[in-house]
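Worksheet for the structure shown next.
This is a predicted model, so every value here is computed, not measured. Sequence lines set the chain letters: A, B, ... in the order given, protein chains first and strands last, and positions in each chain run from 1.
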Amino acid sequence: MASSVAFRLAGELGAAPPQAAARVAEEIDVDELTYVSGVETQGPYLNFLPSSAYYERTLEAATAETYGHLPDREESVVVEHTSANPTGPVHVGRARNPIIGDAVANVLEFAGYDVSRHYYVNDAGRQLAVFTWAYETFDEDDLESEPERDREEYDLVRYYRTGNAFLEEGPGADVEKAEAEIESIMQGLEAGEEEAYERVSEVVDQVLGGMKACLARLPAEFDEFVKETRFILDGSTDDLVARLKELEAAVYEEDAWQLDLTDHGIEKNLVFLRSDGTSLYATRDLAHHEWKFEEYDRAVTVLGEDHKLQARQLRTTLELLGNDTDPLEQVLYSYVNLPEGKMSTRRGTGIDLDDLLDEAISRAREEVETRLEDRLRDDDLDEEDVDRIAHQVGIGAVRYDVVSKQPTKAITFEWDRALDFEAQSAPYVQYVHARCCGILEEAGVDLEAGIDLGDVDATHLETAAARALLETIARFPGVVESASEDLQPHQVATYTREFAEAFNTFYRECPVLDDDVGSPLRETRLALVAASRHTVANALAVLGVAAPRSM
RNA sequence: GGGCACGUAGCUCAGUCCGGAAAGAGCGUCGGACUUCUAAUCCGACGGUCGUGGGUUCAAAUCCCAUCGUGCCCGCCA
């Protein structure tokens with residue numbers, strides 16, 4: 001560990017930085033420190049050298065299965081992510097959301113929070129009223145195509161697209177009739193009518209069921225699907241509207257109730273009640289967030305950068321309503337676009353996440369099969385293994401590619417780039433895990449039971465590569481801490497890469513099971529491999545990337 | 001037009017919040033390493049005015065100002 005304090009102390013001490021560094025080094029009594037064995041200066045910099053106790057404690061800590069988990073904070077946090085409208089198949093444009101969202105939830109869980117994963121279901125908006133009308137109006141014969149896949153959302157989205165096309169291009173009188181029907185569905189929902197709710201649910205539940213199945217492939221799973229109609233039915237939206245009208249910022253313009261937020265640095269008015277008396281997504285989301293504040297200590301939302309303005313309006317309005325919004329944090333990401341433009345469910349432009357995952361698995365399978373031929377290790381992978389590895393690597397590569405980048409960077413989707421299995425991708429890190437497992441299995445260590453350390457003695461870590469690896473292992477809990485504080489799981493991805501490098505160097509230079517490696521060197525190195533395995537397995541777990549036992 | 005983000009090697013990206021050692025990886029190119037715990041690996045070479053111009057500082061990719069380029073937003077949609 002290095003420090004540059006000498007630069008700042010120099011002025012105070014009236015000495016040049018190198019001299020200041022030397023004086024600080026002199027003042028530190030290493031004998032009083034447990035984890036520091038020496039302090040050296042290098043010009044103006046101070047370097048603290050880790051002691052053998054530091055190495056030994058790290059090794060002990062990391063051989064625990066839970067290594068990297070921080071102590072329980074007794075603090076609950078709800079992570080809302082994805083929340084895609086239940087209108088059709090999940091496409092790649094918004095695939096960043098479940099991948100980043102799941103990793104954010106994971107990293108918070110590792111950091112000791114009690115995490116709930118929520119998907120907020122937009123089942124009260126105009127889109128769903130349109131969908132419901134279309135589903136009830138059109139027949140299979142009216143649809144232009146076969147479903148692209150045998151699953152509900154692929155089947156039903158055809159009604160949605162047909163309906164939207166009809167509203168845009170259909171004969172005027174019919175469109176008017178349709179609009180009236182759509183309007184009546186929305187009014188019904190707003191009034192909390194059981195019948196309207198059931199009609200919409202018929203569509204929502206089916207489509208959402210399919211979308212869940214797709215997301216489960218990542219896997220991104222949720223503790224709760226929170227429907228926005230819930231906040232109409234329980235009366236909280238009405239209550240909220242009443243409170244909003246009382247605010248100083250409330251204005252009634254063009255028959256609609258709005259909030260003028262210019263005093264709070266937002267030019268755009270927030271409309272919270274339409275002229276027809278129905279609420280808007282934003283209105284219900286306010287009720288939703290007040291509910292979150294009641295139920296949880298913190299609320300994190302992962303959303304696209306195109307919702308940034310709405311996010312600011314939401315926060316500002318919640319404050320005007322008397323809420324403390326400090327517990328609310330938003331993680332923003334930029335949408336994935338195609339070279340030819342945006343992806344859209346309504347227009348049917350875009351690449352389905354299912355297709356991307358299928359292609360990833362199929363390319364991974366090809367890769368496994370090619371490598372199978374000139375494989376050194378004679379562990380006889382069977383069909384099942386090939387299948388397992390293809391899934392772990394294929395899906396892992398997609399997730400890793402997404403989660404390892406800063407969410408704010410724009411991405412243009414390209415097949416070959418998204419499905420690159422080369423170094424600095426998931427397989428590179430996964431391979432390290434497989435190597436660890438290979439060595440442990442070869443040594444007869446029960447992977448489930450773990451390893452009995454006995455007396456660890458750091459003096460057997462005589463190589464620089466072994467020490468560097470252990471130092472890298474030691475950083476893991478700190479990485480979890482920092483990534484969770486900043487809500488940036490990509491920090492963990494960067495770490496896995498650095499870890500893999502350190503491990504591979506160790507692997508090259510320090511044989512574990514060679515005949516010339518005697519006791520206790522062998523045991524110490526084996527413990528280091530066990531520690532490495534837990535570290536990389538847990539780091540991958542944060543990212544939601546599978547850790548294969550063999551590849 | 002206004003607001004917000006992004007701009008680092010030919011390409012894809014870390015590093016920027018919280019300023020400090022010669023700016024790091026991978027891909028690609030070139031050259032090496034499988035009788036050795038799995039070569040989806042490793043080693044080496046080549047490759048950078050950190051968009052541009054100012055400023056602050058002992059010190060700037062990092063902070064401030066300006067400017068250019070790209071993306072997103074500015075609906076009684078979500």
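- Using a 4.0 Å heavy-atom distance criterion, A434(A) is classed as a base contact.
- A sub-4.0 Å separation between OP1 or OP2 of rC42(B) and a side-chain N or O of N504(A) is present.
- Side-chain atoms of T496(A) and Y400(A) include a donor-acceptor pair closer than 3.5 Å.
- Contact annotation for A282(A): no contact, since no heavy-atom pair falls under 4.0 Å across all strands.
- Taking the ring centre of W291(A) as origin, the terminal cationic atom of R230(A) falls inside the region bounded by 6.0 Å and 45° from the ring axis.
- Proximity note for K342(A) (side chain, C-beta onward) versus rC72(B), rA39(B), rA78(B): the nearest is rC72(B).
- Within a heavy-atom distance below 4.0 Å of RNA chain B, no residue of residues 87-101 of chain A is found.
- Of the candidates rC43(B), rG71(B), rU38(B), the closest approach to any side-chain atom of R508(A) belongs to rC43(B).
- Listed by first and then second residue, the side chain to side chain donor-acceptor pair (under 3.5 Å) pairs involving residues 434-447 of chain A are R435(A)-N504(A) (not counting sequence neighbours).
- Side-chain N/O atoms of T262(A) and D260(A) include a donor and acceptor closer than 3.5 Å.
- When the C1' atom is compared between rU57(B) and rG19(B), the two are found 9 Å apart, to the nearest whole Å.
- Taking the nucleotide of RNA chain B with the nearest heavy atom to each of D486(A) and F506(A), the more 5' of the two is matched to D486(A).
- A search for salt bridge (charged side-chain N to carboxylate O under 4.0 Å, His left out) contacts involving K405(A) returns D401(A), not counting sequence neighbours.
- Phosphate contact (OP1/OP2 of rC13(B), side-chain N/O of H490(A), threshold under 4.0 Å): absent.
- With sequence neighbours left out, E366(A) forms a salt bridge (charged side-chain N to carboxylate O under 4.0 Å, His left out) with no residue at all.
- With distances taken from any side-chain atom of R312(A) to the nucleotides rA21(B), rC72(B), rG3(B), the minimum falls on rG3(B).
- When the side-chain hydrogen bond (donor to acceptor under 3.5 Å, both in side chains) test is applied to E509(A), no partner is found at least two apart in sequence or on another chain.
- When the P atom is used for both rG3(B) and rC13(B), the distance is 28 Å, rounded to whole Å.
- Both T505(A) and N85(A) lie near RNA chain B, and the one whose nearest nucleotide falls closer to the 5' end is T505(A).
- Under the 4.0 Å criterion applied to side-chain N and carboxylate O atoms, E367(A) and R371(A) are assigned as salt-bridge partners.
- Atom name P, nucleotides rG15(B) and rU56(B): the rounded distance is 29 Å, in whole Å.
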**Request:** Can you run through RNA chain B from 5' to 3' and write each base as (, ), [, ], | or . depending on how it pairs? Watson-Crick or G-U wobble, both distances under 3.5 Å.
**Result:** ((((((((.[[[[.)....(...]]]].(((((.......))))).....[[[[[..)....]]]]])))))))....

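- Heavy atoms of V529(A) sit nowhere under 4.0 angstrom from any nucleic acid atom.
- Enclosure of atom CZ in R23(A) is not indicated, since only 12 or fewer non-hydrogen atoms of other residues, nucleotides or ligands lie within 6.0 angstrom.
- Backbone-only engagement by V271(A) is indicated by non-hydrogen atom pairs under 4.0 Å involving sugar-phosphate atoms exclusively.
- Going from the P atom of rC6(B) to that of rC64(B) covers 12 Å, rounded to whole Å.
- Y335(A) comes within 4.0 angstrom of no nucleic acid atom, judged by non-hydrogen atoms across all strands.
- Distances shorter than 4.0 Å separate none of the side-chain N or O atoms of K268(A) from OP1 or OP2 on rC4(B).
- Base orientation for rC34(B): syn, the chi torsion being within 90° of 0.
- Comparing the C1' positions of rC74(B) and rA59(B) gives an interatomic distance of 42 Å, to the nearest angstrom.
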Polar atom pairs (N or O), protein with nucleotides 5-11 of chain B, under 3.5 Å:
{"residue": "rG7(B)", "atom": "OP1", "partner": "K409(A)", "partner atom": "NZ", "Å": "2.8"}
{"residue": "rC11(B)", "atom": "O2'", "partner": "R417(A)", "partner atom": "NH2", "Å": "3.4"}

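- With respect to the salt-bridge test (charged N to carboxylate O, under 4.0 angstrom), the residues E179(A) and R126(A) qualify.
- Using a 4.0 Å cut-off, some side-chain N or O of Y431(A) falls inside it from OP1 or OP2 of rA40(B).
- Side-chain atoms of Q310(A) and base atoms of rA78(B) include a donor and an acceptor less than 3.5 Å apart.
- Not one side-chain nitrogen or oxygen of R346(A) sits closer than 4.0 Å to the OP1 or OP2 atom of rA78(B).
- Taking the side chain of N122(A) as heavy atoms from C-beta on, and the options rA40(B), rU38(B), rA78(B), the nearest nucleotide is rA78(B).
- Remark: F7(A) pairs with Y45(A) by the ring pair (Phe, Tyr, Trp, His ring centres under 6.0 Å) rule, at least two apart or across chains.
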**Asked** How does each nucleotide of nucleotides 56-64 of chain B score, in 5' to 3' order, for protein heavy atoms under 4.0 Å: base (B), sugar-phosphate only (S), or none (-)?
**Response** ---------

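- Distances shown here put every side-chain N or O of R126(A) at or beyond 4.0 Å from the OP1 or OP2 atom of rC77(B).
- Between R274(A) and rG75(B) there is no side-chain polar atom (N or O) within less than 4.0 angstrom of OP1 or OP2.
- Counting non-hydrogen atoms of neighbouring residues, nucleotides and ligands closer than 6.0 angstrom, the CD atom of E498(A) exceeds 12 such neighbours.
- Annotation: rU16(B) and rU62(B) have their C1' atoms spaced 4 Å apart (nearest Å).
- Between the side chains of Q127(A) and N122(A), no donor N or O sits under 3.5 Å from an acceptor N or O.
- Side-chain proximity of K405(A) to rC13(B), rA39(B), rU36(B): nearest is rC13(B).
- By the ring pair (Phe, Tyr, Trp, His ring centres under 6.0 Å) test, Y335(A) is found to be paired with Y333(A), residues two or more places apart in sequence or in another chain being considered.
- Contact annotation: Y428(A) side-chain N/O to rC42(B) OP1/OP2 distance is under 4.0 Å.
- Side-chain contact check for R274(A) versus W257(A): every heavy-atom pair is 4.5 Å or farther apart.
- For the C1' atom pair drawn from rG26(B) and rU8(B), the interatomic distance equals 15 Å after rounding to whole Å.
- As rounded to the nearest Å, rG7(B) and rC50(B) have C1' atoms that lie 10 Å from one another.
- Between the side chains of T237(A) and R284(A), no donor-acceptor pair of N or O atoms lies under 3.5 Å.
- Listed nucleotides: rA21(B), rC37(B), rU38(B). Nearest to the side chain of M551(A): rU38(B).
- Between V512(A) and R522(A), the shortest heavy-atom contact is O-CG, 3.5 Å.
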Give me the distances for all protein-to-nucleotides 24-29 of chain B N/O pairs that come in under 3.5 Å?
{"residue": "rA25(B)", "atom": "O2'", "partner": "Q424(A)", "partner atom": "NE2", "Å": "2.9"}
{"residue": "rA25(B)", "atom": "N3", "partner": "Q424(A)", "partner atom": "OE1", "Å": "3.2"}
{"residue": "rA25(B)", "atom": "N3", "partner": "Q424(A)", "partner atom": "NE2", "Å": "3.0"}
{"residue": "rG26(B)", "atom": "O4'", "partner": "Q424(A)", "partner atom": "NE2", "Å": "3.4"}
{"residue": "rG26(B)", "atom": "O2'", "partner": "A423(A)", "partner atom": "O", "Å": "2.9"}

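- Partners of F499(A) according to the ring pair (Phe, Tyr, Trp, His ring centres under 6.0 Å) rule, which considers only residues two or more places apart in sequence or in another chain, do not exist here.
- With no hydrogens or angles considered, a side-chain donor-acceptor pair links Q491(A) and Q488(A) at under 3.5 Å.
- I389(A) comes within contact range of at least one nucleobase, with a heavy-atom separation under 4.0 Å.
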